[in-house]
Chemist: 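After the C-alpha cells below, expect a handful of questions from me.
Chain letters run A, B, ... following the sequence lines, proteins first and then strands; every chain starts at 1.
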Protein chains: 2
Amino acid sequence: MSSDTRAKMVAGAADLMSRRGVNATSMREVVRHTGTPRGSIGHHFPRGKQQLIEDALVFAGKQVSGPLQHLTETRGAVAGLRAFIALWRGTLERTEFQAGCSVLAVAVEQYVNDATEKDSEPDEAAQQHLLDLADGIFADWQRIMFTALRREGVAPARARRLAALVIASTEGTVAMCRAARSAQPLDDVRQELELVLSSALAK
Amino acid sequence: MSSDTRAKMVAGAADLMSRRGVNATSMREVVRHTGTPRGSIGHHFPRGKQQLIEDALVFAGKQVSGPLQHLTETRGAVAGLRAFIALWRGTLERTEFQAGCSVLAVAVEQYVNDATEKDSEPDEAAQQHLLDLADGIFADWQRIMFTALRREGVAPARARRLAALVIASTEGTVAMCRAARSAQPLDDVRQELELVLSSALAK
DNA sequence: GGCTGGCTATGTCAAGCGTCATATTCTACA
DNA sequence: TGTAGAATATGACGCTTGACATAGCCAGCC
C-alpha cells in the first residue's frame, strides 16, 4: 500500500518535530528514521518539506483532540483536563523527556527553507501558513475544553478564559518538564488547575 | 571597547533566538543583524555557537528576572505577576508578535551542530548543558515568584505549585499569542491567574 | 505478452552552515 | 615612539540541507 509509506513519513515527521523542533528535522532524517524511501518524498509531498510539516502538524493535533473530545464528552471537563495532562505525561515519560509538543515547536520556531531564492522575502507566507495551522490546532483544543465547561454551566467568557489557561499552562509545563527532565511541574500544575476548574464548576 | 562588540553579539543572538529559535539562528546572521565583525566570533566565543547560545540564554534570563525580582519585592506577588505578563505583552506587541521567549525555544528545540564529526553521538552533552541552563532560568523565575508568595503567607508546597503555574502558563500563552497574532490569550490568562493568586493570598 | 502509471532508488546541484587559518588594523602601555 | 597583543577582516574547508532529474521496479489491465 502506498499511503502506508506516506502515513509513516507523516508520523515520523511529527515525532521528530516534537523532539527536535521544525528546523532540526530534516527530510533525510525522517526517511532514515522511518525506513521509508527517500525518493518517494517528491511523490507524496509535491510541495516538499512545507507540506510534510503541515501534514505532521494536523496529525499531531488530531492525536490529541481525539481522546480529549471523547473524554470531555463522556466524563466532563475535569476528567478531560486529567486526561489531557496524563497524555502529555505519558509522552514525556515514554521518551525520557525527549519529546514535547510539535505544535508548540511550530509556534516557537520560525521555519526557514534553505532552497528558496533571490526574492526579497524568504518565505513569509509559508511561515504564516504554519502559524495559522498551529493556531487552529490550539483553538481546536481550546474549543473542546470550552464546550465541556459550557455544558457544565460555566459562563461563556469565563469558559473561554479557563480553556485558554488550561491549554496554555499545559503546553508551557510540558516544555518546562523537558528542560527539568522531571514530571513534577506537570503534577503541580495539574493540581492547581483541578482546583480552579472544580471551583468554577461549583459556582 | 571590545566587550561592546561582544555584548551586541549576545543581545542580537538572544533577539534572533526569541524570533526564530535556536537552529534557525546562524552566527552569520547574528553578525549581519548586529553590524558586528564576523571575525570576532572566534575571539569572543572560543567555544563557538554553543557558547554564544549559552550567553544569550543567561542574558535573556536576567532581562526578565531583574524587573521581576524588583517588583515582587517592592510591590508583592500580584504586582509581580502583572509585570511579568505586561513584560511579555510588550515584547509581543513591539515586535508584532514575532518575538517570543528564547528560553522556551531552547526547551522546545534540540540544538544540533553541523560541524561535529564521526563520534557515534552528535552532541548530547552540549544539548544537556543548554537544557540545564534553561531549567535553571525557569527555576530562577519560579523561585522569585515562590519567595513573594511565601512572604505573603502562602504555605510552601502551595507556593511552589502556584509559582510553577504562573511561569508555565505565561510561557505557554506567549507562544499561543505568537501563533494567533493576538494578545487576547495573555489577557485571559492574566485575569484567571490574578484570581487564583489573590484567592490564595486571602486565605 | 506488453504497456502504463504509481512508486522507488540514486545522484547532482547550489546554497548555507560552523569552524579554522591567515592577514590586517587598532590600541594601550613602556 | 615603538611594539606587543587584542580585535577585526576575509577566505577556504568540509559538511548537510532541500530540491530536482533520471532511471529502475512492479503491480494491474488491454
Chemist: Heavy atom of residues 17-37 of chain B under 4.0 Å from DNA chain D: which residues?
Modeler: B/Arg28, B/Pro37

Chemist: Of all residues at least two apart in sequence or in a different chain, which pass the side chain to side chain donor-acceptor pair (under 3.5 Å) check with B/His129?
Modeler: B/Glu54

Chemist: Are A/Val106 and A/Leu133 packed together at the side-chain level, in the sense that at least one heavy-atom pair is separated by less than 4.5 angstrom?
Modeler: no

Chemist: Considering residues at least two apart in sequence or located in another chain, which fulfil the ring pair (Phe, Tyr, Trp, His ring centres under 6.0 Å) criterion with A/Phe146?
Modeler: none

Chemist: Could you state the OH-P distance from A/Tyr111 to D/dT17, rounded to the nearest angstrom?
Modeler: 13 Å

Chemist: Of the nucleotides C/dT19, C/dC7, D/dA7, which has the atom closest to the B/His43 side chain?
Modeler: D/dA7

Chemist: Nearest-Å distance, NZ (A/Lys49) to P (D/dA19)?
Modeler: 8 Å

Chemist: When the distance from CZ of B/Arg38 to P of D/dA7 is rounded to whole Å, what number comes out?
Modeler: 19 Å

Chemist: Let me know the distance between CE of B/Met9 and P of D/dT8, rounded to the nearest Å.
Modeler: 7 Å

Chemist: Test for a donor-acceptor pair under 3.5 Å between the base of C/dG18 and the side chain of B/Arg47, counting only N and O atoms.
Modeler: no

Chemist: For A/Phe45 and C/dC7, what is the distance between atoms CZ and P respectively, to the nearest whole Å?
Modeler: 12 Å

Chemist: Between atom CD1 in B/Ile41 and atom C1' in C/dT19, what is the gap in whole Å?
Modeler: 10 Å

Chemist: Without decimals, in angstroms, what is the distance between A/Gln51 CD and D/dA19 P?
Modeler: 10 Å

